[in-house]
Amino acid sequence: MHEKVRVRFAPSPTGPLHIGGVRTALFNYLFAKKHKGDFLLRIEDTDQMRYVKGAEEYIMKSLEWCGIEIDEGINEGGDFGPYKQSERRDIYNEHIKKLLNNGSAYYAFDTPEELDALRKRLEESGSSVRQYNAQTRGEMKNSFTMPENDVFAEIESGKPYVIRFAVPENETITVKDIIRGEVTVNSSQLDDKVLFKSDGLPTYHFANIVDDHLMKISHVIRGEEWLPSLPLHVLLYRAFGREDEMPEFAHLPLLLKPSGKGKLSKRDGDQLGFPVFPLEWKDPKTGDISAGYKESGYLPEAFINMLALLGWSPEDDKEILSLEEMIKEFDLNRVHKSGARFSPEKALWFNQQYIIHTPNDELTDYILPEVEKKFPDVDVLYVEKVIGLVKERMHLLTDFCSQAAFFFETPKEYNPKVVKKRWKEDTPQMMQQIYDLLEDIPEQRFTTEHTEHIVKQFIEKNELNFGKVLNPFRLVLTGTGGGPHLFDIISSIGKEETLLRIKKGIEEIKR
RNA sequence: GGUCCGUUCGUCUAGAGGCUAGGACGCCGGGUUUUCAUCCCGGUAACAGGGGUUCAAUUCCCCUACGGACUGCCA
């Protein structure tokens, strides 16, 4: 048993992190913080072939944007480093010796072609076993079948070789998973996994056992795709004689493709109609750009909230939860077992909820750069006021410019559908009356309340219909049919602009 | 092919032997509103199938079907 909760998120820098990975990181983080433990980030870069430049940076930036704070990692430091596997070679070299010495690992010299041939042969024989294991390793080129001297000679000669794990034959392994309960497997189903590749670097299986142990990881929380190799990992701990110090395991349900089947993958990119990456990603090789939640106008809090509810739910029915609340409520026992497809519609709803509840000045900080690009010389306080008026209509931060354009510029055209519905025979003269009415209001009294009072009084006095007057009025002001409270609009754009728009509307709108 | 994991409304989920199977998104209808949005009210819709166990199964067990993961000198 471990006295302190320590969990790690261990991505490999082979590209951008997709939302499934972010969720794994999030669950690790929530679990760690719930138990006042540590959350570490370990970069698993033992596959130099698949290393992608910028991916490491991307992973860290993504977690930062999400508000997931790292306690120990490359940038944060810590007492258990290095936190990058490529910098831990000596440690792995040291550890593999132990397994070599106690007979749980062995050298193998088979070429890729020979391995293919083995698989093919086994497949054709109709055998259910198609693996390099206790039954088949006797036919292969390794330190079980070769005289000791030949083994050393091969190694000396510089010939490529790997080190494999000698999986014991016919042993029942029962492993415990926090989410799934007990899983039982017979060791004969496992194969003699490569522990060290011919490039001298360990594989995931080996490095992760060594590191988790050395870094005193108490709980391994990772995706379900790792469940099949859990027995192997247990065997590895056993081979080291550390089964009693083994972390506890929890395998998270997968995030599935919303369209079609299968687990969500990096390659799904944005052809799914919604981003699969937290941040925008530019492929360094192809230059292709994949959309990110951030750039698409999502608030990080909304993004995280939505992700947390994929596979987990709090005890009550609450759906809108801050990171703090999630930490408080989080419980691995409430993570369920089946995979989750997620709905882009609900993601939008989450974002809208967060936009509505985020203070206007904060929202302004997010959108100001875009707004300034489109409408130069805007006043920050004005933007702040406008966003307060339109935010409940926004699903994405990027909706602002389209939702609020008429607060910044005179409408250039009028929605024909709305014109047809709202602009009647007698409308122009009515608009003229409104014009005259408003013209008489002094600048400083051109407020929401006062203008509303004046106009409504006029409508009532003349026994007119509210909709008949206000709808076309809205049309000349905004060019369309929807939008915030009409008198908020005119008090915002001011008297001069209001009069100008009425005049322009009377002149330009024709049925 | 083999091994493992899974299966409640279209989607995300609650449920841990006895419930009219609950909530959320979406959708539909109504209310509020000058409009759109928000908000409020209502409606739609699910226990994969078959066997057991039990007085009683969505819930426990088995089988089948379906889905998924894994099956690399990738993680």
Side-chain angles (χ1 to χ4, degrees), chain A residues 10-14 44-47 49-50 108 110-112 115-116 119 122-123 126-131 160-164 177 179-180 183-186 188-191 193-205 207-208 222-231 251 253-254 256 258 261-263 306 309-320 334 336-350 352-353 356 390-395 403 418 421-422 455-456 459 465-475 478 480-487:
Chain A
S12 67
T14 54
E44 309 225 326
D45 58 346
T46 52
D47 184 356
M49 297 300 288
R50 293 207 309 154
D110 315 278
T111 62
L115 292 172
D116 279 346
R119 276 180 215 116
L122 292 168
E123 196 178 330
S127 161
S128 65
V129 178
R130 293 179 190 175
Q131 293 161 328
Y161 66 90
V162 301
I163 298 172
R164 285 181 182 272
D177 180 276
I179 296 168
R180 280 148 225 282
V183 179
T184 302
V185 179
N186 189 290
S188 303
Q189 301 299 333
L190 272 32
D191 64 340
K193 275 277 181 299
V194 170
L195 262 23
F196 254 76
K197 299 176 283 175
S198 57
D199 63 4
L201 281 166
T203 57
Y204 169 85
H205 301 291
N208 121 82
R222 79 245 277 197
E224 194 189 331
E225 69 267 30
W226 294 110
L227 196 54
S229 47
L230 178 55
H251 289 86
L254 261 18
L256 275 15
K261 311 286 186 182
K263 74 168 179 176
M306 160 204 85
L309 262 32
L310 252 25
W312 170 74
S313 62
E315 245 182 278
D316 53 28
D317 283 338
K318 243 182 125 177
E319 294 212 87
I320 302 291
R334 292 191 62 83
H336 68 169
K337 300 171 184 172
S338 46
R341 242 173 294 267
F342 92 103
S343 106
E345 288 80 27
K346 192 146 187 183
L348 246 25
W349 174 79
F350 269 113
Q352 181 186 40
Q353 293 300 309
I356 290 173
V390 303
K391 66 180 184 179
E392 63 210 18
R393 256 159 287 263
M394 294 165 55
H395 285 92
Q403 284 293 341
V418 181
K421 191 169 174 198
R422 307 292 194 192
V455 173
K456 287 196 168 168
I459 293 171
N465 180 298
F466 274 73
K468 245 188 133 198
V469 178
L470 265 21
N471 284 318
F473 188 15
R474 174 180 295 282
L475 177 64
T478 68
T480 186
H485 188 57
L486 195 149
F487 298 96

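To find a chain, count down the sequence lines: A is the first, B the second, and so on, and within it residues start at 1.
- The residue A/P484 sits close to a base: some heavy atom pair falls under 4.0 Å.
- Set against B/U38, B/C4, B/C70, the side chain of A/P228 has B/C70 as its closest nucleotide.
- Distances from the side chain of A/K456 to the nucleotides B/U34, B/A69, B/C4 place B/U34 closest.
- B/U33 atom P lies 16 Å from atom CD of A/E392, rounded to whole Å.
- Between A/R180 and A/G483, the residue whose closest nucleotide on RNA chain B is further toward the 5' end is A/R180.
- Distance A/L348 CG to B/A37 C1': 14 Å, rounded to the nearest Å.
- Nearest to the side-chain atoms of A/N471 among the listed nucleotides B/U11, B/G6, B/U34 stands B/U34.
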Can you name the atoms? Protein N/O to nucleotides 14-17 of chain B N/O, anything below 3.5 Å, with the distance.
residue, atom, partner, partner atom, Å
B/A14, OP1, A/S313, OG, 3.4
B/G15, OP1, A/R334, NH1, 3.1

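- A/H205 is linked by a side-chain hydrogen bond (donor to acceptor under 3.5 Å, both in side chains) to A/H233, counting only residues two or more places apart in sequence or in another chain.
- Note on A/G223: nothing from the nucleic acid sits closer than 4.0 angstrom, heavy atoms only.
- The residue A/G481 sits close to a base: some heavy atom pair falls under 4.0 Å.
- Contacts of A/L310 with the nucleic acid, taken as non-hydrogen atoms under 4.0 Å apart, involve only primed sugar atoms and P, OP1 or OP2.
- Atom NZ of A/K391 is separated from atom C1' of B/A37 by 13 Å (rounded to the nearest Å).
- One can place CZ of A/F466 at 14 Å from C1' of B/U35, the figure rounded to the nearest angstrom.
- Salt-bridge formation is not detected for the pair A/E224/A/K263: no Lys NZ or Arg NE/NH1/NH2 atom is positioned less than 4.0 Å from an Asp or Glu carboxylate oxygen.
- Separation of the C1' atoms belonging to B/U58 and B/U8 is 7 Å when rounded to the nearest angstrom.
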Do any N or O atoms of the protein come closer than 3.5 Å to N or O atoms of nucleotides 72-75 of chain B, and which pairs are they?
residue, atom, partner, partner atom, Å
B/G72, OP2, A/R119, NE, 3.4
B/C73, O2, A/S198, N, 2.6
B/C73, O2, A/S198, OG, 2.6
B/C73, N3, A/S198, OG, 3.2
B/C73, N4, A/D110, O, 3.3
B/C74, O2', A/D47, OD2, 2.9
B/C74, O2', A/R50, NE, 3.4
B/C74, O2', A/R50, NH2, 3.3
B/C74, O2, A/R50, NH2, 3.2
B/A75, OP1, A/T46, OG1, 3.0
B/A75, OP1, A/K197, NZ, 3.4
B/A75, OP2, A/Y204, N, 3.2
B/A75, O3', A/E44, OE1, 3.2
B/A75, O2', A/S12, OG, 3.1

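- No contact: A/Q403 has no heavy atom under 4.0 Å from any strand.
- One finds no side-chain N or O of A/Q353 lying less than 4.0 angstrom from the OP1 or OP2 phosphate oxygen of B/A37.
- For a distance-only test at 3.5 Å, the side chain of A/K346 qualifies as a donor-acceptor partner of the base of B/A24.
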